[in-house]
There are 2 protein chains.
Amino acid sequence: MTKEELKKVSDTKTTKILRKGEIIFDEGEKLNGVYCVRGGVSKLSKLSPNGKDQIVKLATKGSVLGQRSVIAEESSNLKATAVNDMEVCFIPKDAIVDTLNRNPNFAVEVLRHMAHDLKEADDVIVNMSQKTVKQRVAEAFIYLEDNFGVDDQGYLLLTLTREDIANVVGTATESAIRIISEFKKLGLIKASGKKIAIANAKGLADMAVGM
Amino acid sequence: MTKEELKKVSDTKTTKILRKGEIIFDEGEKLNGVYCVRGGVSKLSKLSPNGKDQIVKLATKGSVLGQRSVIAEESSNLKATAVNDMEVCFIPKDAIVDTLNRNPNFAVEVLRHMAHDLKEADDVIVNMSQKTVKQRVAEAFIYLEDNFGVDDQGYLLLTLTREDIANVVGTATESAIRIISEFKKLGLIKASGKKIAIANAKGLADMAVGM
DNA sequence: GTATAAACATGACAATTGTCAGTTTACCGA
DNA sequence: TCGGTAAACTGACAATTGTCATGTTTATAC
């Protein structure tokens, strides 16, 4: 119901093409609207005091970026960067606020969406604080397969650098590299150039829960 | 505006007294309403596969528990436990949903509230993944002082067990104990029985950012 | 008050993870 | 296609953190 509404609005807007690596908005920036992802993938990250960029979420087609900040009327707490080439469209703040106030269904729908995000965030907190780096890396690959899919040969469609993977699981790049190498040796994953595929789903899943 | 509305509803409801340690609702439970905290403190936790209970949030007077689950129409992803004696009141789901659909202002207000929670959750993710245990323990004490206050002698009003502190910062109980002992030796905090006070705020703040 | 359990504490050690320093490999633009 | 640069990788070591074992103190029930 609201998705259609949003879609209708977004369809009327001109879309913008972003090159890989471009920043959509930065931490601390005041947003005067939200961005809908129509193609490509964006990483949402937050700089930690130690200088590392923790990736909090990966957003793909259909995701809306910046809605939290627009709704809370705060500047953004996250930075959004294009992981690969992207197509996004912009919806000005006024249009959002307007619809929000006039259409209760829309508000409830957004609310539901944010409730879902909140639950996911809770899960991430638990994973981060209670799982080992190895478990988190295993989970990350499963997550990438589940959420971004694979090509006809089983390779993950979304290719992240080792550094990005490290920033997703919250570890040093070298640690991530070492664990990935280990997974390859164990036959849990296989790699062809930059592309990675899950070779032993069961084994990787076991690894993710510590078996 | 909405807070008044909520308050009005909640005032008409009979309140319930909970003893320290009692469970308000458990993970996986279907909630047919939300709980407003009128006194005391509740910990919201999630069981991780390794058997530890990660505390995701501490809720005090004025907080609403279970709204995420009610709105998303899902069973709860968290367990709510009374940290000390509590007074809570219950608002049935119907009343919430009803108000939500009829009053756009209410929906937007709840939305804002959830947006705030989401930001906090993002911050926690970054802290958990990028800070050392020592930094997180230091932060925890600052958080406890800022959010729950101190008595006339400077002792934290909210007294958590070492185990709870460990579950807040996501570490082993022994590690938390050791770090607390170290902080005492360094003169950053002082203890009288179970009660803990921040003795050197500047020093503790430095510790929290890794100096 | 005393029993009993829970909470707190500490030592010793192992496992995990981070850091630094350096080498090799892959990729992109001229 | 060549060269430069970023990414990927490896080794060695230090620092952090977890685990297990055990003893002490503190709270709570009777």
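Here is the naming used below: chain letters follow the sequence lines, and residue numbers restart at 1 for every chain. These values consider heavy atoms only, across backbone and side chains, with no hydrogens, waters or symmetry-generated copies.
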From D:dC9, C:dT19, D:dA7, nucleotide with atom closest to A:Lys184 side chain: D:dC9
Under-3.5 Å N/O pairs linking protein and nucleotides 28-30 of chain C:
none

Between the base of D:dG18 and the side chain of B:Arg178, is there a donor-acceptor distance below 3.5 Å? no
Using only heavy-atom distances, decide whether a donor-acceptor pair under 3.5 angstrom links the side-chain of B:Arg136 to the base of D:dT16. no
Can you tell me how far the NZ atom of B:Lys93 sits from the CD atom of B:Glu73, to the nearest 0.5 Å? 5.0 Å
To the nearest 0.5 Å, what is the distance between CD on A:Glu27 and CG on A:Asn77? 7.5 Å
Within a strict 4.5 Å, meaning less than it, do heavy atoms of the A:Asn32 and A:Phe90 side chains meet? yes
Determine whether any donor atom in the side chain of B:Glu174 lies under 3.5 Å from an acceptor atom in the base of C:dC8, or the reverse, and answer yes or no. no
Provide, to the nearest angstrom, the distance between the CD1 atom belonging to B:Ile179 and the P atom belonging to C:dT10. 13 Å
Quick check: on DNA chain D, is the nucleotide nearest A:Ser129 upstream (toward 5') of the one nearest A:Ile177, or the reverse? Name the residue that is more 5'. A:Ile177
Hey, are the side chains of A:Glu29 and A:Lys79 touching, using non-hydrogen atoms and a 4.5 Å cut-off? no
In whole angstroms, the gap separating P of D:dT24 from CZ of B:Arg162 amounts to 19 Å
Report which part of the nucleic acid B:Ser181 touches: base, sugar-phosphate, or nothing (heavy-atom distance under 4.0 Å, all strands). sugar-phosphate
Rounded distance (Å) that lies between atom C1' of C:dT17 and atom CE of B:Met128: 18 Å
Just to be sure I understand the rule, does A:Thr171 reach a base, reach only the sugar-phosphate, or reach nothing, if contact means heavy atoms closer than 4.0 Å? sugar-phosphate
Between B:Lys194 and B:Lys52, which residue's closest nucleotide on DNA chain D lies nearer the 5′ terminus? B:Lys52
Can a salt bridge be assigned to the pair B:Lys202 and B:Asp206 using a cut-off of 4.0 Å between side-chain N and carboxylate O? yes
Rounded to whole Å, NZ of B:Lys195 lies from C1' of D:dT26 at a distance of 15 Å
Between B:Asp164 (CG) and C:dA7 (C1'), how many Å, whole number? 11 Å
Salt-bridged, B:Glu87 to B:Lys61, with N to O below 4.0 Å? no
Check each of A:Val150, A:Asp164, A:Leu144 against A:Leu158 using the side-chain contact (heavy atoms from CB on, under 4.5 Å) test, and report the only one that passes. A:Leu144
